[in-house]
Structures are given as C-alpha cells and as structure tokens.
There are 2 protein chains.
Amino acid sequence: MARQKHRQDGQCPVARSLEQVGDAWSLLIVRNAFDGMRRYGEFLDDLGIARNILADRLRRLVEAGILEQVAAADGGSHSEYALTRRGKDLFPVIVGLRQWGEAHLYGKGERHSKLVARADGKPLPPMRPLGRDGRPLEADDTLVKRIA
Amino acid sequence: MARQKHRQDGQCPVARSLEQVGDAWSLLIVRNAFDGMRRYGEFLDDLGIARNILADRLRRLVEAGILEQVAAADGGSHSEYALTRRGKDLFPVIVGLRQWGEAHLYGKGERHSKLVARADGKPLPPMRPLGRDGRPLEADDTLVKRIA
DNA sequence: GAGCGGGGTTGTATTTTAAAACCGGTGAGA
DNA sequence: TCTCACCGGTTTTAAAATACAACCCCGCTC
C-alpha cells in the first residue's frame with residue numbers, strides 16, 4: 001500500500017513521502033537508526049521483524065537514499081546501515097510521531113521512553129509548525145495551495 | 001503490519017503511534033481531513049482507495065479517536081467525518097512528512113502543492129524540534145531515555 | 001413505485017507479510 | 001587445514017491484507 005499510485009499523487013509531498021516511508025517498519029527502522037542502531041542483526045532482534053521483510057525494507061531505504069551501506073565501524077567483514085542526510089532529515093517526522101504518541105496514547109502513570117535533550121537531559125517541548133514570524137500555527141492557520 | 005506487536009512496543013511512543021496511523025492510507029485520509037474533506041465519497045474519489053478499505057480505515061480512525069462521525073453540515077441524511085482534537089494534533093506529523101517530501105522528493109522545476117500560512121499566503125519555514133531554550137535541535141543533540 | 005446517489009457490505013483474485021528452513025562467506029579454534 | 005558457529009541474508013510456503021467488482025440498503029425525488 002505504501003507503493004501504489006493514487007489519483008494525483010505526484011502533486012502532494014505528503015503522498016510522495018508516504019510512498020517511501022509509509023509503512024510502519026520503515027519508520028521503525030529509521031527510528032532505531034536514530035538511536036544508533038546500524039546492523040541487520042540488531043534491527044532483527046529489536047523489531048522482531050521477519051528476516052525477508054527486513055532485508056527488503058533495508059534495500060528499499062537504501063534505494064530511497066535514506067540509509068546507506070557502509071563498512072563496519074569495527075573493521076568487521078559485514079556492512080552497516082547508516083542514515084544519510086536525507087534520512088536524518090526525517091527527524092521531525094519521528095519526533096512528531098513520538099510526541100503525538102506521548103500526548104495521546106498513554107494512560108496516566110503508564111510509562112514510556114522519552115526523547116530528551118542531550119545537553120540537559122530534559123524532555124523536548126512539543127514541536128510545532130511555526131509561521132515566518134516564529135509564532136506557532138494551527139492547522140486552521142494554514143492551507144494547501146494546489147499548483148496551477 | 002501497522003497492527004502487530006513488536007518486542008517492546010508498549011514502551012516506545014513512535015511504535016505505538018504507528019500502530020494507529022502507520023499505514024499510508026490512514027495518514028492520507030487525515031491529510032485530506034486537514035484540507036477540509038469530510039465525506040466518504042470525497043475520500044473515495046480523491047484517494048482512489050478501494051471502498052472496503054476506506055470503510056475499514058475510517059472505522060479504525062474513529063475507534064482510535066482521530067476522527068468522529070458527525071451529522072452532515074448541510075443537514076443531509078448522511079454523516080461526515082471530522083478530526084477530533086486528537087486528530088488535529090497529528091498536524092505536526094503531516095507537516096513533517098510534507099516538508100521532508102518537498103525538500104527531498106522533487107526535482108528542480110518539478111511542481112507540487114504547498115502549505116502556506118493563511119494570513120500571508122507564504123510558505124511555512126521548515127518545522128524543527130526545538131530545545132527548551134528555543135534553539136533547533138538536531139537528532140544528535142537528543143537521545144531516547146528508556147524507562148527503568 | 002422506479003430511478004438515483006450516497007454509503008457502505010460481500011465475495012473473490014491478487015499482492016504483501018510472516019514464519020521457518022536453508023545457504024554462503026568469514027573467522028576462531030582444534 | 002578442517003570444521004563449526006555466526007552473521008546476513010534468500011527461498012519456500014502459509015497466512016493475512018488489499019484491490020476490485022458486484023451487490024445491497026436507505027432516503028429522496030419524480
């Protein structure tokens with residue numbers, strides 16, 4: 001489903017993004033990559049994903065330029081998967097999903113991992129879209145301008 | 001795939017979020033809802049999704065508290081689907097996907113729809129996670145603190 | 001009461017995912 | 001050097017999700 005053509009999807013960047021990362025596994029792999037995970041076996045163990053699916057997703061993510069295969073950091077014979085610039089730019093997407101989940105998907109007292117600033121160890125404030133004046137924008141303050 | 005259990009997914013808000021919206025259709029429906037779309041037939045025509053899948057996704061989104069069914073605005077007999085507070089809070093996720101797509105998935109000169117501020121009609125600056133001091137944070141400036 | 005549009009449900013074919021067995025290359029130890 | 005794990009996959013087969021088309025129900029209009 002992340003790979004089919006809809007009506008006018010060339011036009012909408014959201015749709016085009018979802019063609020590349022619009023399945024749960026891809027974004028979970030990317031999330032783990034942000035946490036420093038780099039090896040096939042690590043992803044396999046952590047995610048509990050089927051081996052063939054993991055291989056397929058890694059291949060797609062490499063093809064999409066989100067991950068790249070690099071020689072192992074420890075000089076071993078295997079290769080590792082590292083986020084490219086393009087992959088790192090997915091950070092706001094991951095943060096958005098994380099903060100939405102934190103805000104809406106946990107009961108009071110139910111614990112979860114937290115994203116904190118490395119500098120002070122404190123949680124990040126909610127990420128919000130800002131206008132050019134630096135003030136937060138709600139969805140109602142924006143509109144999608146379709147191309148002519 | 002958006003609906004299975006991984007190793008320790010209760011813990012990670014990203015995983016939990018993706019259980020609810022981790023497939024392309026759900027987020028495309030939400031995207032369209034942000035654009036003011038409210039009716040089954042509108043989603044059907046715009047997305048080119050299969051009818052049964054659309055019905056299923058709308059049902060799930062309602063169950064998840066992201067959409068709610070409300071009486072039609074025009075007093076007709078059918079009902080419409082509107083974003084709840086929880087659904088509206090997905091705005092940063094959609095914006096994140098949109099801006100990533102805009103930045104990485106279009107060739108020079110290739111046109112796409114744009115998200116603009118309603119006030120001045122101008123595109124939004126890139127949304128970025130901010131630290132408590134208001135300065136943008138890169139992924140490397142953060143870490144995920146797992147719960148004890 | 002026939003026709004029609006909206007909003008679905010119900011089959012059934014096709015595609016994707018999952019699970020598990022298998023395979024090839026490297027490196028360590030006997 | 002032989003073999004024995006281990007890592008990183010591929011292949012095979014089963015199960016599930018998706019797509020597509022046909023059908024159905026309801027309220028409305030004519």
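Just so it is clear: chains get the letters A, B, ... in the order the sequence lines come, proteins before strands, and each one is counted from 1.
Using cut-offs of 30° and 60° for the angle between ring planes, the B/Tyr106 and B/His112 rings count as tilted.
Between B/Asp56 and B/Arg51 there is no salt bridge, since none of the side-chain N atoms of the basic residue sits less than 4.0 Å from a carboxylate O of the acidic one. Looking at B/Asp35 and A/Arg146, a side-chain N of the basic residue comes within less than 4.0 Å of a carboxylate O on the acidic one, giving a salt bridge.
When only modelled atom types and interatomic distance are considered, A/Tyr81 and A/Glu68 share no side-chain donor-acceptor pair under 3.5 Å.
When rounded to the nearest whole Å, the span between CG of B/Leu44 and P of C/dG5 equals 15 Å. Rounded to whole angstrom, the span from the CG atom of B/Leu28 across to the C1' atom of D/dT18 amounts to 15 Å. The interatomic distance linking B/Asp56 (CG) with C/dT10 (P) rounds to 13 Å, in whole Å. If you take CD1 of A/Ile53 and C1' of D/dG9, they are 13 Å apart, rounded to a whole angstrom. If you measure from atom CD of B/Glu42 to atom P of C/dG7, you get 8 Å, rounded to the nearest angstrom. Per the geometry, CG belonging to B/Leu54 stands 10 Å off C1' belonging to C/dG8, to the nearest Å. One atom, CD1 of B/Ile29, and another, P of C/dG7, lie 14 Å apart when rounded to the nearest Å. Distance A/Asp23 CG to D/dT18 P: 11 Å, rounded to the nearest Å.
In the helix from C/dG1-D/dC30 to C/dA30-D/dT1, the rotation axis of the first five pairs and that of the last five pairs differ in direction by 0°, rounded to 10 degrees.
Nearer to the 5' terminus of DNA chain C, by closest-nucleotide assignment, is the contact made by B/Arg39 (compared with the other of B/Arg39 and B/Ala55).
Listed pair B/Tyr40 / C/dT9 fails the phosphate criterion, with no side-chain N or O lying under 4.0 Å from OP1 or OP2. Within the 4.0 Å cut-off from OP1 or OP2 of C/dA18, at least one side-chain nitrogen or oxygen of A/Trp25 is found. Of the side-chain N and O atoms in A/Arg59, one or more sit less than 4.0 angstrom from OP1 or OP2 of D/dT10. Side-chain N/O atoms of A/Arg38 include none lying less than 4.0 angstrom from OP1 or OP2 on D/dC7.
At a threshold of 4.5 Å between non-hydrogen side-chain atoms, the residues B/Val70 and B/Arg38 count as touching. Within the 4.5 Å cutoff, side-chain heavy atoms of B/Ile49 are placed close to those of B/Leu44. The closest side-chain heavy-atom distance from A/Glu80 to A/Gln69 is not below 4.5 Å.
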All N/O contacts under 3.5 Å from nucleotides 20-23 of chain D to the protein, with atom names and distances to one decimal?
unit_1	atom_1	unit_2	atom_2	d
D/dC20	N4	B/Asn52	OD1	3.4
D/dC20	N4	B/Asn52	ND2	2.7

Give me, pair by pair, the N or O atoms of the protein and of nucleotides 28-30 of chain D that are less than 3.5 Å apart, along with how far apart they are.
none

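Residues satisfying the ring pair (Phe, Tyr, Trp, His ring centres under 6.0 Å) test with A/Phe91, not counting sequence neighbours, are A/Phe34.
Legend: side-chain hydrogen bond (donor to acceptor under 3.5 Å, both in side chains) pairs involving residues 116-136 of chain A, not counting sequence neighbours, sorted by first then second residue: A/Arg128-A/Glu138. Every pair passing salt bridge (charged side-chain N to carboxylate O under 4.0 Å, His left out) that includes a residue from residues 98-114 of chain A is listed here, sequence neighbours excluded: A/Glu110-B/Arg16.
Within the nucleic acid shown, B/Tyr81 comes within 4.0 Å of sugar-phosphate atoms alone, with no base atom in reach, counting heavy atoms only.
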For B/Asp46 and B/Arg39, run salt bridge (charged side-chain N to carboxylate O under 4.0 Å, His left out): C-alpha distance rounded to whole Å, both residues' side-chain angles, the deciding distance at 0.1 Å, then the answer. CA-CA 11 Å; B/Asp46 184 81; B/Arg39 290 177 53 174; over 6 Å; no
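Rounded to the nearest 0.5 Å, atoms CG (A/Asn32) and CH2 (A/Trp25) are 10.0 Å apart.
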